[in-house]
Amino acid sequence: MSTPELTGRTALVTGAASGLGAAIAETLHSHGAQVALLDRDARANHDTAARLGARAVAITADLADLDRLDAAHTEAAERLGPIDILVNNAAMAPMRGLWEIEPAEWDAVFAVNVRAAFFLTRAVAKGMRARGFGRVVNIASLAGQRARPTGAHYGVSKAALIAMTRNFAAELAADGVTVNAVAPGMMETPMVNTIGAAKKAELAAQIPVGRIAEPAEIAGLVAYLAGDTAGFVTGATYDINGGVLMR
Ligand SMILES: NC(=O)c1ccc[n+]([C@@H]2O[C@H](COP(=O)([O-])OP(=O)(O)OC[C@H]3O[C@@H](n4cnc5c(N)ncnc54)[C@H](O)[C@@H]3O)[C@@H](O)[C@H]2O)c1
């Protein structure tokens, strides 16, 4: 993979205030892109955008609110120009046991992890299609490819996102718009720290490469998929999990 040149491209990254989203925003920005960082955590998002400096703007929105989401991508395009690269990264991941999941939490997970990605992609893809260029990258998860006893709603939502990636890829393939998914294994982010240090160490020991991923390692793959040279890659799901799932 060569270093993608993203100068002149505009990216919108959801969940960009922290964790993987922040690493993706930073990587795309370092390759020359203008980046709109979207997150519901206004303060952290502004801090992350300020750290990037010029060519980065922070937009506050909760992905569960579709009206606000519509206003948010419109605001991004008004401030930076038409969106060429969309990264659907934000997610909710409550690690509850299968028997403890309530309908309201099931719906909340799907509203953010699946519904928001669907409607945001559809809205942004209209412009991409009209301009004949676009890159959409959906952040899925190993949890959507392999079952775990906890977080069933999260795992099912990520499997849905992988399926949705193919729907959009098929629809947009002839228009210069690629749509791919990246399925990371365990990463060093605030999300993973919610499980506690002991559990984290136990899970890390089960990874063949012997460690948890750094977000920057995943972000590098996203930057490749966002670049001009990845135009023949579409509808794919990239396993990036330290060898946990080999196929
Ligand atoms: N951390 C891991 O081990 C891991 C593993 C596999 C996949 N993933 C996936 O990677 C992506 C990023 O995860 P992370 O670990 O960086 O998570 P994180 O919890 O550290 O960060 C998620 C970001 O999304 C934002 N966000 C959450 N819900 C939102 C909403 N409704 N509206 C707007 N913003 C919202 C949060 O404020 C936060 O800034 C997610 O899609 C996650 O499922 C993470």
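Position 1 is the first residue of the sequence; numbering continues from there. Counting starts at 1 for both ligands and their atoms, in listed order.
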Q: Please tell me if the side chains of Val13 and Val35 come closer than 4.5 Å, counting only heavy atoms from C-beta onward.
A: yes
Q) Hey, does Glu171 have a side-chain heavy atom less than 4.5 Å from the side chain of Val177? A) no
Measure the distance from [atom] to every protein heavy atom, then report the residue, atom name and distance (to 0.1 Å) of the closest one.
atom: atom 26 (N) of ligand 1; answer: Ala90 CB, 4.0 Å
atom: atom 12 (C) of ligand 1; answer: Asn89 OD1, 3.2 Å
atom: atom 29 (C) of ligand 1; answer: Arg40 NE, 3.6 Å
atom: atom 1 (N) of ligand 1; answer: Thr189 OG1, 3.0 Å
atom: atom 23 (C) of ligand 1; answer: Gly15 O, 3.6 Å
atom: atom 3 (O) of ligand 1; answer: Met187 N, 2.9 Å
atom: atom 42 (C) of ligand 1; answer: Tyr154 OH, 3.4 Å

Presence of salt bridge, [Y] and [X], under 4.0 angstrom:
X: Asp239; Y: Arg247; answer: yes
X: Glu102; Y: Arg96; answer: no
X: Arg68; Y: Glu75; answer: yes
X: Glu188; Y: Lys200; answer: yes
X: Arg9; Y: Asp228; answer: yes

Which ligand 1 atoms, with their elements, are less than 4.0 angstrom from a heavy-atom of [X]?
X: Leu20; answer: 10 (O), 12 (C), 16 (O)
X: Asp62; answer: 30 (C), 31 (N), 32 (N)
X: Gly19; answer: 16 (O)
X: Val112; answer: 31 (N)

Hey, is [X] one of the residues with a heavy atom under 4.0 angstrom from ligand 1?
X: Lys158; answer: yes
X: Met186; answer: yes
X: Ala143; answer: no
X: Leu142; answer: no
X: Ala140; answer: yes

Q. Which pair of heavy atoms, one from Asp41 and one from Ala17, lies closest together, and at what distance?
A. O-CB, 4.3 Å
Q.
Minimum heavy-atom separation for Arg115 and Ala64, please, with both atom names.
A. NH2-O, 2.8 Å
Quick check: [X] and ligand 1, any N/O pair under 3.5 Å apart?
X: Pro184; answer: no
X: Leu63; answer: yes
X: Met191; answer: yes
X: Asp41; answer: no

Q) Side chain, backbone, both or neither: which part of Ile139 comes within less than 4.0 Å of ligand 1 when only heavy atoms are counted? A) both
Q.
Checking side-chain contact (heavy atoms from CB on, under 4.5 Å) between Val136 and each of Ile83, Leu120, Thr121, Leu172, which is the one that passes?
A. Thr121
Q. Do His153 and Glu105 get their side chains close enough for a donor-acceptor pair, meaning under 3.5 Å?
A. yes
Q | Pick from Ala61, Ala116, Pro190: the one approaching atom 33 (C) of ligand 1 most closely through a non-hydrogen atom | A | Ala61
Q: Measure from atom 39 (O) of ligand 1 to every heavy atom in Leu203, Thr194, Asn113, Asp39 and give the option owning the shortest one.
A: Asp39
Q) Do the rings of Phe118 and Phe168 sit parallel, tilted or perpendicular, given the 30° and 60° boundaries? A) tilted
Q) ring pair (Phe, Tyr, Trp, His ring centres under 6.0 Å) with Phe110: which residues, sequence neighbours excluded? A) Trp106
